[in-house]
Amino acid sequence: MTLPQPVPDAALQRLRRSYALLMLALGLPVAAAMLYVLALQFEIVALGTQRQIAMSTERRVTRLDAVLAPLRDNLLRLRNATQVPSLAPSVPVDRASLAANAADTAYTMDALPPVLRDSAPQVLLAGPQRKDPRWRGAAVEQAALFAQQARLVTAGRGGFRRTYYVDALGSQLWVYPWVRSDELLAELGATDVVGAMQRLAARHAAAGEDGRVFRDAVTWQVRSDGAIRVTTALMLNDSPGTVTGELPAGALDAARIEAGIGRFWVLDTAGRVVWEYQARDEPANSSLDGALPGLSPDDLLRALDAPVAQRSGALLLSARASTVAPWRAVYASDGAHVRRLVLRDVAPYAAGGAALLVLFLGIATLLWRRHALPSLRLVDYLHRKAFDLNAAEPSLPQIWAPWVRLTRETFGAAREAQAREQQALALKSAIVDHALAAIISTDATGRIVEFNPAAEAMFGRRREEVLGRPVVDVAVPPRHRAGHEAAIARMREGGDADALGRRVEMTAMRADGAEFPVEVVLWRTDLEGESHFTASLTDLSERRAAAEQIERQREALRQSEKLGAMGSLLAGVAHELNNPLAIVMGRASLLEEKCEGEPALQADARRIREAAERCGRIVRTFLNMARQKPAQRHNVQLNDLARAAVDMLAYTFRSHGIELQLALAPELPEVSADADQIGQVVLNLLVNAQQALAAAPELAQRVVRVSSGVEARRDNREPRVWLRVADSGPGVPPALHETIFEPFFTTKAEGMGTGLGLAVSRSLVREHGGQLGLEISSVGAVFRMSLPISGRAEGVTEPGALGSADGSGPARVLVVDDEPEIAELMRAMLESAGFEVATAESGALALELLGEARFDAIVSDLRMPEMDGAALWREVKARHPALARRMLFVTGDTLSPGAEKFLAESGCASLDKPFARADLIDRLATVLMN
């Protein structure tokens, strides 16, 4: 091993440069923070300036409203005094000065003496009423009153340059102060008095759609010469009109807007400038030079609603609406000028930040010289010390001597502790890491401190992933976590000591959430006053699965032996019963012949003979079941079979106090069935009902009701007949509705049944294409049997009914199965139904046949070596897409995840093994119709 050399000076220079870069890197965040603070301060000051601009705008609007409000109020007072003459004192009237004009189209006060012109109004009257002296006199009196009030409101603050009244019809016009009619016509741009009055009446019309005057309406207009006109509605003598006051162009100068840093405009509703003010300290070359800049409606609306001034291009814009006039005040400042003002306010903060940065760099340099460089030399010494305990000490300032000594002693102790730890780790690795059992160790709080490789494999988690995590979150199912934590807490406190060291079976949880059984041995270890718990876990999944498999095999063997014994017993009993049944049948026949002439006795003998014959048929049915002989079907009447079974059990029902009720539908259609088998089903259902009622003597009423009928046709199904057997007994618990149909399952007392009756009955009914089930009922048990009239399962196609896709002959079917016997069986079934069939023992051979011949459908096994059914389907889909939709898969494991996923993906039909010929033909017919 080569010993490390002392750090050369060149390396120190590189470290110095690295340190400088590091300090620079540390200084960058400081500089960035200062820049951020400066930017934030800039934004704060800028926002404050914008808020001040908005507040300045509000102050200007307040001053503007202070000027406009007296004008509005004076005009309203003038209107009220004119409209209600009783509110004002009477005034002298000069009626003699009212005379007709030269054209005799109107009356004017042009002849008013000069001495009265300062206090009297100009009165213009037109229209047909001007000829009425009384109307003219009343108009002059009202005009005089109007002039008196107008003189009051035009004096002092809020005065008008001119006021006048005009009615809506243009028949009256009063003007104060007095002005000659020709001067007024010239000012209005009219050639005659009537036209001028009508023009004023149209201009100041204030009537609404319903003809009523809006009493509180005040309108503000700006003339082209800058004069401002204020108008309000007036109802005088039930006639609408308007009162108007005109202000001079400089009337708004009374607002005395103070200087600012921008320009101030007052705009009317059309956006025209009513009044403009320019700040005295506006900078040169400002973006506000010239007229009002073009403002979009959106900018103006945003400025009206914003609490601070808004940016609009190069401007800072603030706007507020007047509360008196329908005007908006707009205050705009040059953005660059405002920015310079803000920068001037932020400059002291920038100077402080620069000083802080210089201070930081000075401190960084001092740290390098007094601490960083000695630290680097000490690190170099530690590096050399790691390889050589006798390494020379570095040259350091005297203040570092204690640290060098402490480092040397600490390093020596650490070397010794490291050696001991390595030995302990090696021993632990040999014991724990190579253990076959999963080992998990936790601290006192239940957090994992050790997780060996066997535990990683068992739980599907990596050691680095689980260290430090609670063990309940890693290995314990959620439903057991509370109990586990409580048990650990008790053991931590000294309780449940007997649980330590014992083998306990528990349920654990893998990373995917799957639960599995484990055998756990737990022990406790105390290290430096802290308790640790270690568990050794063994996976019991395979052991339990093997035990369950063995138990299932044993149960299957027992069931097989029981079925075999039952078959042998049936055959033996049937043979033993044949002889006594033959005697009973013969004697009954003789008795029937001897009782001729005695109808009642002869009928009894006939019933005995028919019952014996029925017993004989039942025995033959048992023999057929034991020998697997096919049933013989012919048209039978279900009602007759029900009556025969009822007659056979009538005495038994009476002897047990059971009432038997029949509700059989008349003219029930015949069904194609084996009478002995269906009669056996009906008899078994009646016997079950009788035994259920006999086992419940506490019932007050014991009734068995047998009913029949025909099901309504729906969805093009074949008509079916049904038979229902209902009793008033205790019924069947809902949990056993399907279990009672399983072989060897019985709810009867010991010795009362074998558990085969319902299972055999359901099997017989299904062979006839029917259904047998238990209906839900609030009282007793209700069994219902339904049979198709044809006696076949629905959907079965008769042989030869399906043809080839091109209509050239029978349908061609390719059967693919690696078991030759099964392939030949399906071939025989399909050929007997009229299909043309070819077989293939593998998927590869099937693809070759598909390339050489045309087929209408494929019947394939799902599980085959080399190329299974799924792979065959994908190849067929790629080569023959249309045929891929007409594939039927035969399998025995459709419930496996792989089979379910593939069948769902492909959308193909499937048929479970074992299957009947009718099932195969029915399913294939459905596939061929796709």
Side-chain angles (χ1 to χ4, degrees), residues 570 573 577 580-581 584 588 600-601 603-619 621-622 638-664 676-708 722-733 736-737 739-741 744-762 764-765 772-785:
L570 285 174
V573 170
L577 287 177
L581 282 176
V584 173
L601 294 177
D604 291 339
R606 184 172 64 254
R607 291 190 182 96
I608 295 173
R609 175 179 59 78
E610 291 175 351
E613 289 176 351
R614 181 167 183 78
C615 290
R617 289 194 299 271
I618 292 174
V619 170
T621 300
F622 281 131
L638 187 59
N639 285 346
D640 294 342
L641 299 179
R643 292 190 185 97
V646 168
D647 291 343
M648 185 179 297
L649 297 176
Y651 176 77
T652 303
F653 274 75
R654 289 195 302 272
S655 63
H656 286 85
I658 301 173
E659 180 184 355
L660 189 59
Q661 299 177 353
L662 290 180
L664 304 178
D676 294 335
Q677 293 181 348
I678 300 303
Q680 175 188 348
V681 173
V682 178
L683 188 65
N684 185 57
L685 295 178
L686 290 173
V687 171
N688 286 346
Q690 178 264 321
Q691 292 179 348
L693 293 175
E698 70 279 2
L699 295 175
Q701 184 180 12
R702 294 188 288 178
V703 178
V704 175
R705 179 180 176 85
V706 181
S707 56
S708 63
W722 55 267
L723 179 77
R724 183 182 286 110
V725 178
D727 63 67
S728 60
V732 180
L736 302 179
H737 279 191
T739 310
I740 59 176
F741 290 99
F744 306 110
F745 179 83
T746 180
T747 59
K748 300 175 184 177
E750 186 69 25
M752 291 291 293
T754 63
L756 287 174
L758 289 176
V760 172
S761 297
R762 173 175 275 190
L764 293 176
V765 172
L772 175 61
L774 181 65
E775 294 185 343
I776 298 176
S777 175
S778 58
V779 178
V782 180
F783 287 88
R784 185 179 186 276
M785 174 182 65

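Just so it is clear, the values below take in all heavy atoms, side chains as well, and ignore hydrogens, waters and symmetry mates.
- At a threshold of 4.5 Å between non-hydrogen side-chain atoms, the residues L685 and L772 count as touching.
- Annotation: salt bridge (Lys or Arg N to Asp or Glu O under 4.0 Å) contacts of D647 (sequence neighbours excluded): none.
- Atom CG of L641 is separated from atom CD1 of I678 by 7.5 Å, given to the nearest 0.5 angstrom.
- Remark: side-chain polar atoms of D727 are paired, donor with acceptor, to backbone N or O of A781 under 3.5 angstrom.
- For R784, the side-chain hydrogen bond (donor to acceptor under 3.5 Å, both in side chains) partners two or more places apart in sequence, or in a different chain, are E711, E775.
- Across V779 and S728, no two heavy atoms sit closer than the pair CG1-CA, 4.2 Å.
- Between the OG atom of S761 and the CG atom of N684 there is a distance of 4.0 Å, given to the nearest 0.5 Å.
- The distance from the CD1 atom of I658 to the CZ atom of R702 is 5.5 Å, given to the nearest 0.5 Å.
- Between R643 and N639 there is a side-chain heavy-atom pair separated by less than 4.5 Å.
- Scanning for side-chain hydrogen bond (donor to acceptor under 3.5 Å, both in side chains) contacts around R762 gives E738, with sequence neighbours left out.
- When the side-chain hydrogen bond (donor to acceptor under 3.5 Å, both in side chains) test is applied to R606, no partner is found at least two apart in sequence or on another chain.
- For the pair L693 and H656, the minimum side-chain heavy-atom distance is 4.5 Å or more.
- Taking CG of L664 as the start and CG of L723 as the end, the distance is 7.5 Å to the nearest 0.5 Å.
- Applying the side chain to side chain contact (heavy atoms under 4.5 Å, CB included) test to A696 and every residue at least two apart in sequence or in another chain returns E698, L699, P730.
- Of all the heavy atoms in F653 and L686, the pair that sits closest is CZ-O, 3.6 Å.
- The shortest distance between side-chain heavy atoms of L649 and Q690 does not fall below 4.5 Å.
- In this structure, R705 has no salt bridge (Lys or Arg N to Asp or Glu O under 4.0 Å) partners at least two apart in sequence or on a different chain.
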